[in-house]
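To start, the structure itself, in structure tokens.
Along the sequence shown, the residues carry numbers beginning at 1. Below, each value reflects all heavy atoms present in this structure, side chains not excepted, and no hydrogens, waters or symmetry copies.
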Amino acid sequence: MKFADRSRRQKALVAAALAALVAGATVAVVAATDGGSSPSTAPGNNQATAPVLSGDLKLAVTYLGVSGSGLLEALRSGRTLAQVADATPGRSATGLIDSIVAARKAALRSAVAAGGLTAAQERTALASLRSRVGTRVRRAGGYPGAVGRLPLRTQAAAAAYLGVSPAKLRAELRAGQSLAQVANATPGKSASGLIASIVADRKARIAAQVASGGLTAARQKLLVAKLEQRVAAEVNAARP
């Protein structure tokens with residue numbers, strides 16, 4: 001029984017790593033002392049607020065030998081990961097892409113070995129891997145979570161719930177409001193209702209991927225496990 005439990009845990013960890021490295025290269029930017037909320041920038045705050053990065057950005061920090069805060073500052077100034085890499089002595093955009101691709105290939109191999117991914121799914125993921133990584137690394141805004149921007153799908157789901165245009169919603173977010181503040185200020189709407197709407201939208205898209213064979217039921221379970229908490233963090237986060 002202990003061996004079986006260990007095996008299940010290993011598969012879960014592999015699938016989680018795969019979700020982070022392959023399915024969208026998830027970016028998490030949190031305060032080290034804040035339990036997962038956005039970094040505090042209040043004057044006089046002496047607590048550590050070092051960002052914790054995942055996915056491509058964590059790999060980039062390791063490859064480039066820079067600090068997470070420094071990398072985020074560069075991205076928020078409008079530079080791409082490729083530009084940061086090319087400006088780093090002894091590093092390059094091509095080397096960074098090679099590093100990210102190698103890490104994702106390793107994650108895919110581990111997932112197949114643990115039974116969390118089929119060989120056919122691995123081949124599909126590998127087919128355009130380098131192209132997808134290269135596009136994100138060379139594109140300004142390729143990592144929206146790192147610069148305080150919401151993914152377009154989240155914007156669309158939020159705008160639909162609030163009954164406003166995506167352009168109007170973006171204007172309110174650029175003014176410094178969080179999605180929660182926008183929702184609570186909208187007649188008949190609320191932050192809790194917005195969270196529920198976005199969660200439902202994401203669950204529907206995940207279910208569609210399972211139905212089409214693009215995701216396994218095990219991956220689906222992992223992706224929805226803490227979905228509401230992740231969405232709540234997005235909705236309540238202040239936009240820089």
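Checking side-chain atoms of Y63 against main-chain N and O of I97 turns up no donor-acceptor pair under 3.5 Å. Side-chain atoms of E172 never come within 3.5 Å of backbone atoms of L169 as a donor-acceptor pair (strictly under, hydrogens ignored). Not a single donor-acceptor pair under 3.5 Å links the side chain of D86 to the backbone N or O of S92. Although no hydrogens or angles enter the test, the distance criterion places a donor-acceptor pair under 3.5 Å between the side chain of K189 and the main chain of Y161. Not a single donor-acceptor pair under 3.5 Å links the side chain of S99 to the backbone N or O of G95. Judged purely by atom type and a 3.5 angstrom limit, S165 uses its side chain to pair as donor or acceptor with the backbone of K168.
Across L64 and A85, no two heavy atoms sit closer than the pair CD2-CA, 3.6 Å. Closest approach of A87 to R79, counting heavy atoms only: CB-NH2, 3.5 Å. The shortest non-hydrogen separation linking G78 to A140 is O-CB, 4.1 Å.
Residues S69 and S67 bring no donor and acceptor atom of their side chains to less than 3.5 Å of each other. At a cut-off of 3.5 Å, with distance as the only test, a side-chain donor of R132 or S128 sits close to an acceptor on the other residue. Between the side chains of R202 and T154, at least one donor N or O lies within less than 3.5 Å of an accepting N or O.
Within 6.0 Å of atom NZ in K203, 12 or fewer heavy atoms from other residues, nucleotides or ligands are found, so the atom counts as exposed in its surroundings. No more than 12 heavy atoms of other residues, nucleotides or ligands lie within 6.0 Å of CZ in R153, so this atom counts as exposed by the packing criterion. Other residues, nucleotides and ligands contribute only 12 or fewer heavy atoms inside 6.0 Å of the CD atom of E228. Remark: Q229 CD is packed, more than 12 non-hydrogen atoms of other residues, nucleotides or ligands lying under 6.0 Å away.
D201 places a side-chain heavy atom less than 4.5 Å from the side chain of R205. Under the 4.5 Å side-chain criterion, counting only non-hydrogen atoms from C-beta, N184 is in contact with S190.
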